[in-house]
Amino acid sequence: MSEIKIPIGPQHPALKEPESFSLTLEGERIIDAEVKLGYNHRGIEKACESRNYIQDIYLIERICGICSHSHSTCFVQAVEEIAGVEISARAQFIRTIVAELERIHSHLLWLGVAGHEVGFDTLFMYAWRDREAVLDILALISGNRVNYGINTLGGVRRDIDKEQSRKILEIIKQLTERTEYYIKVATNEPTFSGRLSGVGKLSTEKAKELGAVGPTARASSIERDVRRDDPYGAYAQIPFKVITDNHADVLGRTIVRVFELLESYKMLKYLVQNMPEGALTVKVPRRIPAGEAISRYEAPRGEDIHYVRANGTEMPERVKVRAPTLANLAAIREMLRGGFLADFPIVIAAIDPCFSCTDRAIQLVKDNGAETVDWRQLRDYSIDWHKKRGIDLSRI
Amino acid sequence: MEIVWTLLYMLVFPGFLFLTTYGMICEWVDRKLYARFQSRLGPPWFQPEADFIKLLSKEEIIPEAANPVMFRLLPLFALASVLTAFLYLPIWNTAAIYSFSGDLIVVFYLLTIPTLTFFLAGWHSTSLFATLGSVRNVTQLFAYEVPLLISLLGPALLSGSWSLSEMNQFFVERPILLLVNIIGFFVALIAVQGKLERVPFDIPEAETEIVAGSFTEFSGKLLGIFRLAIDLELVVAATLISVVFLGGSFGLHPVLGFILFIVKTLLIVAILALFRTVMARIRIEQMMKFCWRYLAPISLFQLLINILVKAWFL
Amino acid sequence: MKYPGKILPEVLKTAMKPPVTVRYPYERTEIPEGFRGKIHFDAKLCIGCKMCMRDCPAKAVEIEKIGEDKVFKATFYLDHCIYCAQCVDSCPKKALASTPEFELAHYQRDKLADIQK
């Protein structure tokens, strides 16, 4: 059979967000893959420059719907570092509790998506059903199921009381049982594990070379975890293991994630039981003194990096976000090559991609080729574009 | 008078009207059970009908590169072949409306025609995803067809007849012999799951891989008819298994026999729904391996048992 | 042990239990205490400092003076609001509060501007 090129995306049932992959096939075998970025550029970094730091927290939080707390914590940490503020231990603990709850809901979500991508919808439904419990507890703590908005400059906005702590422990107990069951199912159901093992191979050397992060790297036996390597929040004070696996395939990534779930339960138990007393917030000036900082954070999908430069005003001068998916995208080509067409959804899903969080730039392609426009032109263009469709955005 | 009865058989009962209604009921049972297994609520009873009516009212889009005549005819071929197949199956008693020696093979091949129309439909759509889907359709056909046929041959061999009605009559007279075919029954169930292209064998229409496979370019009425044909295929396949392996109506009073037919087909639909709940979709090469390495030898083993039983006890 | 259909016992058990789906308009789940819904404005407490307007990330709140006597009205643009409740935190006089009201969709856009006096 001769080579054919098939376009996957920007719209495709396997992709929950727009992204384009061009696969070169020989029969059912993938010979080469090409990744095209930039379908969902939202100009968030630029928008941050025209809002004050408080407003930016909420904007940054909306970079990602799943790891919203990761992005906002990462940003807030950078700003606090520039301002030279040390937040209280209790606030650190609350941030870490929300972070681990977020990791749990993200990993459970991933397990469901992985099931769906290989046609195992029952696992999808069960994992998402159990994930509801985590979302409920997040709503109880923060007032919302997603985009918790718990962070603020200098601490957290809400406390966790005794009743809430009790609920967290109760749900952890219930979820531990469920997760252990899913481990049993995922590793023992031959139709499922048969679809995962040996698929999307990424050797340790290649993973290092391509800069993979998070569970993708850890499944290729690279012990890389910001929580341990460069502790932030309360991670320096709590005992935990970095989960690695040597399968170096999608099964390995699944194993890393499900065992990370178990690890997160243990961490949460420790965090809730050893919560120190203290104030929730410390005062942070509205004008952040000039300076710059880089903040690293272990999001559920891998290392998230934020860079913030302040110039002494209420607004940041520059904000740069490197979402974990960007680091893992380079490895996708390597993982897809030589595999089956049937495996591409699960291989892509295995890095737990967040394409919309990743897009930091866009290239306007007009009839006569690419064109560079400046910020004002682009803004006018977008206001005009929306006005024609009856939406007035000039107020924003 | 003869012609009126023939038309009645073909259009009302047990033909078109009854079969479409029952096919939709079976689809609902299947979807409802699937939902309940997954802790969901599931659709209301009229959902398949509503889906069908909705599809009928939708615009038909035929790709420019496709052959419009083939594109329009293929769904009808699929529907006609399953409808024809049903007329040769005994329903409320042991005798089918039309029966002749060798109708087992005819029914079997009439059931293969839908798969071939899916292949042609995908091939004629000329879209990449549809072409890939149609290639998978045929590849899969080679995997499940042989075990299915061999497993159906087992009972035929035992009864010494190639006619479904005669086979049914034979087993009704000697129900104990149905137990001999138990392995064949399970092989047939699994192979039928492949024929109906459902999880774990829904490879040709794997949504997350190739969108909708052969049906990617189909819309409106044409897709509606294809979906209806798939529903009917489910009923026909369930009836075939019930007649061949479960003794059909057991030669009881027609009313009782009919109730028995409903119970048995729904039971088979439920088992098939359970199959698709508990498994993940496998890859095409895993399916080939599974069918040829395990399913085909097991069905041959069943055939061997039947030959020995026939030689010693009958 | 590895065999296909490992999840079968769980599936059969689930089929016996009632579905977990919440039939939303007829059936409702409990809304948590600190839920961040529509904002309630208490005109008696407002001093017109407009801190809420400064901190709102979505420009969804507007405080205007009505009359001479330091009386204010608040307009909440429910379509702009992201329900982060930052205004509640920013308000120095606790004139704003979150309510559990969340069913705010409307067919007419102008009805989404909620004026509270």
Side-chain angles (χ1 to χ4, degrees), chain A residues 47-48 51-62 72 115 120 122-123 125-126 128-130 132 136-145 147-150 152 157-159 161 163-164 167 178 181-182 184-194 281 286 314 390-393 395-396, chain C residues 1-15 17-22 29-39 51-62 75 77 79-92 97-102 109-110 112-113:
Chain A
C48 282
R51 282 165 174 78
N52 67 34
Y53 287 99
I54 297 275
Q55 291 172 326
D56 280 348
I57 297 171
Y58 299 103
L59 185 62
I60 293 277
E61 191 165 42
R62 278 156 181 79
S72 84
F120 198 7
T122 309
L123 181 66
M125 295 294 167
Y126 286 179
W128 280 41
R129 179 189 67 192
D130 297 331
E132 278 299 298
D136 285 345
I137 200 85
L138 279 167
L140 190 73
I141 293 172
S142 71
N144 228 338
R145 286 157 57 92
N147 296 332
Y148 330 109
I150 196 112
T152 191
R157 291 170 61 197
R158 294 202 181 176
D159 201 3
D161 62 23
E163 176 64 20
Q164 288 166 341
K167 279 231 169 92
R178 295 298 305 169
Y181 177 70
Y182 292 136
K184 222 162 57 188
V185 169
T187 48
N188 284 327
E189 166 66 44
T191 54
F192 186 63
S193 63
T281 47
R286 285 189 73 87
E314 278 193 3
I391 305 163
D392 186 17
L393 291 178
R395 244 166 51 83
I396 293 169
Chain C
M1 209 189 90
K2 279 195 175 199
Y3 56 87
K6 188 86 188 168
I7 209 164
L8 185 67
E10 178 80 12
V11 160
L12 293 175
K13 234 187 282 168
T14 311
K17 288 185 208 147
V20 290
T21 318
V22 179
T29 45
E30 200 189 330
I31 291 177
E33 210 178 301
F35 185 77
R36 307 198 302 259
K38 190 174 151 183
I39 306 292
M51 276 308 283
C52 48
M53 281 175 72
R54 252 174 94 184
D55 277 351
C56 179
K59 296 180 188 161
V61 53
E62 251 170 38
T75 312
Y77 295 99
D79 48 343
H80 286 258
C81 187
I82 57 170
Y83 303 95
C84 64
Q86 175 61 39
C87 48
V88 178
D89 287 9
S90 293
C91 185
S98 280
T99 64
E101 203 180 324
F102 65 95
R109 200 178 194 99
D110 51 315
L112 286 169

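Remark: A/Glu163 CD is packed, more than 12 non-hydrogen atoms of other residues, nucleotides or ligands lying under 6.0 Å away.
The candidate with the highest count of non-hydrogen atom pairs below 4.5 Å against chain C, out of A/Leu123, A/Asp136, A/Asn144, is A/Asn144. When each of A/Lys184, A/Glu314, A/Glu61 is checked for heavy-atom pairs under 4.5 Å with chain C, A/Glu314 comes out on top. Considering only heavy-atom pairs separated by less than 4.5 Å from chain A, the leading option among C/Pro100, C/Ser90, C/Ala85 is C/Ala85.
With a 4.5 Å cut-off on non-hydrogen atoms, C/Glu10 touches chain A through its backbone and its side chain both. Heavy atoms of A/Tyr148 lying under 4.5 Å from chain C belong exclusively to its backbone. Proximity to chain C is limited to the side chain of A/Phe120, based on heavy atoms less than 4.5 angstrom apart. With a threshold of 4.5 angstrom between heavy atoms, A/Leu59 does not approach chain C through any atom at all. Interface residue A/Thr187: only backbone heavy atoms are found under 4.5 Å from chain C.
Of all the heavy atoms in C/Asp55 and A/Gln55, the pair that sits closest is O-CG, 3.2 Å. Nearest approach of C/Ile7 to A/Tyr181, heavy atoms of both residues: CG1-OH, 3.5 Å. Closest heavy-atom contact between A/Tyr58 and C/Pro57: CD1-CG, 3.4 Å.
Tested against C/Val20, the residues A/Glu132, A/Arg129, A/Met125 include a single side-chain contact (heavy atoms from CB on, under 4.5 Å) partner, A/Arg129.
Using a 4.5 Å cut-off on side-chain heavy atoms (C-beta onward), A/Arg286 and C/Arg54 make contact. A heavy-atom distance below 4.5 Å is not found between the side chains of A/Thr152 and C/Asp89.
Residues meeting the side-chain contact (heavy atoms from CB on, under 4.5 Å) test with A/Arg158, sequence neighbours left out: A/Ile150, C/Arg36.
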